[in-house]
Structure formats: C-alpha cells, structure tokens
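In what follows, a single structure is set out as structure tokens and then discussed.
The figures here come from the full heavy-atom set of this structure, side chains too, leaving out hydrogens, waters and symmetry mates.
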Amino acid sequence: MDNYIITIARSFGSGGTEIASRLSQILGIPYYERQILTMASQTSGIDESEFVEVDEKLRGSYIVKTLTKLPTTSVLRPESRAFVSDLNLYNIQSQIIRELCKTQSCIIVGKCADFILKEEKNVLSVFAEAYLQDCIQRIRNRIYVSEERAHDLKKRTDRYRTAYYKYYTRGQKWNDPLNYDMFLNTSRLSTDQCAAIIADAAKTKFNLK
C-alpha cells in the first residue's frame, strides 16, 4: 500500500493528541490536528480564525435545523454570500482530509476524519476514551485549572464534539464503537502502550514492514 491514514477521535482529556504524537514518532509519519485548520485557510483564502471559531462547536440550534436539510458534499465558490459558513468550512476541511488520504501517510486527530474517510481502504480508525476522573486529572495537568473548571470544560467540550459529529454525519453517535476499528481505554493503557498497539494494528492491516 502506497500510503495509509490513521484517524484518532478522542474524548476531551483522554490523551488522544498525545497518542497521535507518540504514534507519529513510532511510524515516522506526521500527525495533523490544528494544522488541518491552517491548511484549509491557506487553500480557501478564508482567515484561519473563521475555522477556529466553528471548529467542533455549534453556533445555535437554528444552524442544526438548517444544516440537516442541506447536502454536505459541495464547496461554495468564494464569491458566494454563504462562502463563510459552518457547512462550507466543514466541506473545505473535508477536501483537505481526502487529499491527504490520497497523497501521504499520516495521522489525523478529530475533524470527523473517520466518517469522511469511511469508504477508503487505506484507513485505520481509532477512538480514545478514559474514565472521567482520569480525564479531569489530565486536563488539570495540561492547563492548570481547578477541578470544577476541568469538569466544566470536559462536559462542554464533549457535548460540542458529540453534536458536531452527529449533524455532520447525519445522526451517527460520535462514541459508538462500531464507527471505529479500535476503541482504547487510556485509563488502562499508557500513551506508549496505546501508540504501540495502534502501530501494530496498522502494520498488520496495511502490511507494513
């Protein structure tokens, strides 16, 4: 296989980004998370702040009602009045992800990448989850907030990710194990162990040396 993609979806505080970083070192391939927003901005000419604003969050219930009635396959031209919209930004990111799938081996964190690439044969999809208290501790260690604040961030971020995934995939559950090839409990496995397991699975699935 010429190139392959590993997608990692993760609950907030489960350590998915850290796993991606370690996996990148093991396999010698890049991982993309926030970089997807930068590439989408460079490709479209839209300021990156527009992508950051809508990345993994919703602007209101009216948006959900509107988007469920619209196709999610086309990217609007820059002169369109609706060019800067949640749906269009999602489609631009989707095009970037599909292009990466065709052109290089890499790891993609979040961005509904597992769903966007679900029909591709060169993809291994992973979900990382952990027990609540372990997520809270990891959040506190990372950004130095109170336990109460960490709980609030965890709740709100996972709610956003759930809603984001649900309406862009037309109703699928973000944390449904059947959406992924592998579901890892990072409370029971270290970052290095998770990365090693994913690397072994990739080597088996893609016949890597």
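Not a single side chain to side chain donor-acceptor pair (under 3.5 Å) links Asn179 to another residue, sequence neighbours left out. Residues satisfying the salt bridge (charged side-chain N to carboxylate O under 4.0 Å, His left out) criterion with Arg156, sequence neighbours excluded, are Asp152. Applying the salt bridge (charged side-chain N to carboxylate O under 4.0 Å, His left out) test to Asp181 and every residue at least two apart in sequence or in another chain returns Lys205. Under the ring pair (Phe, Tyr, Trp, His ring centres under 6.0 Å) criterion, Phe183 pairs with Phe127, sequence neighbours left out.
The shortest side-chain heavy-atom distance between Gln104 and Ile29 does not fall under the 4.5 Å cut-off. Side chains of Thr162 and Asn175 form no contact here, defined as non-hydrogen atoms less than 4.5 Å apart. For the pair Val126/Ile19, no side-chain contact is recorded, criterion being any heavy-atom separation below 4.5 Å from C-beta on. In this structure the side chain of Lys111 never reaches within 4.5 angstrom of the side chain of Ile96, judged on heavy atoms. With a 4.5 Å cut-off on side-chain heavy atoms, Tyr31 and Leu23 do not count as touching. Residues Leu27 and Ile6 meet the side-chain proximity criterion, which asks for heavy atoms closer than 4.5 Å.
Atom-to-atom distance recorded for Leu124:CG and Leu117:CG is 12.0 Å, nearest 0.5 angstrom. For the atom pair NZ (Lys118) and OG1 (Thr169), the distance works out to 8.0 Å, reported to the nearest 0.5 Å. How far SG of Cys101 is from CD of Glu119: 11.5 Å, rounded to the nearest 0.5 Å. Interatomic distance, Asp114 CG to Gln172 CD, rounded to the nearest 0.5 Å: 8.0 Å. Expressed to the nearest 0.5 Å, how far CD1 of Ile136 lies from CD of Glu148 amounts to 11.0 Å.
In terms of heavy-atom proximity, Ala196 sits nearest to Ile26 at N-CD1, 4.1 Å. Of all heavy-atom pairs spanning Leu100 and Ile5, the tightest one is O-CD1, 3.9 Å. Nearest heavy atoms, Gln193 versus Leu189: OE1-CA, 3.3 Å. Between Trp174 and Arg10, the closest heavy-atom pair is CZ2-O, 3.1 Å. In terms of heavy atoms, Ala113 sits closest to Ile108 at CB-CG2, 3.7 Å. In this structure, Arg140 and Ala150 approach most closely via the heavy-atom pair CG-CB, 3.7 Å.
Residues Asp176 and Tyr165 have side chains that never bring a donor and an acceptor to within less than 3.5 angstrom of each other. Between the side chains of Asn141 and Gln137, a donor-acceptor pair is found at a separation under 3.5 Å. Using modelled atom types, one finds a donor on one side chain and an acceptor on the other under 3.5 Å when comparing Ser11 with Lys154.
Ser187 places a side-chain N or O within 3.5 Å of a backbone atom of Tyr131 that can act as its donor or acceptor partner. In this structure, Thr186 contributes its side chain and Ala128 its backbone to no donor-acceptor pair below 3.5 Å. Judged by distance alone, the side chain of Ser105 and the main-chain N or O of Tyr4 form a donor-acceptor pair under 3.5 Å.
For Arg142, the CZ atom counts as loosely surrounded, since its 6.0 Å shell holds 12 or fewer non-hydrogen atoms of other residues, nucleotides or ligands.
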Discussion item. Between Asn122 and Asn3, is the side chain to side chain contact (heavy atoms under 4.5 Å, CB included) condition met? List the steps.
Written reply: CA-CA 7 Å; Asn122 62 333; Asn3 60 282; 3.4 Å; yes

Item to complete: Evaluate the side chain to side chain contact (heavy atoms under 4.5 Å, CB included) criterion for residues Ile116 and Thr7: first the C-alpha distance (whole Å), next the side-chain angles of each, then the deciding distance (0.1 Å), finally the verdict.
Response: CA-CA 10 Å; Ile116 293 167; Thr7 70; over 6 Å; no

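Applying the ring pair (Phe, Tyr, Trp, His ring centres under 6.0 Å) test to pairs two or more places apart or on separate chains, none has a residue in residues 136-159. Identified under the salt bridge (charged side-chain N to carboxylate O under 4.0 Å, His left out) test for residues 14-28, with sequence neighbours left out: Arg22-Asp192.
Leu153 and Tyr160 are not part of a single hydrophobic cluster, where members link through side-chain heavy atoms under 4.5 Å apart. Each of Phe12 and Leu132 belongs to its own hydrophobic cluster when Ile, Leu, Val, Met, Phe, Trp and Tyr are linked at side-chain heavy-atom distances under 4.5 angstrom.
Considering Tyr167, Phe115, Tyr168 in turn, Tyr168 is the only one that fulfils the ring-ring contact (aromatic ring centres under 6.0 Å, His included) rule with Tyr90.
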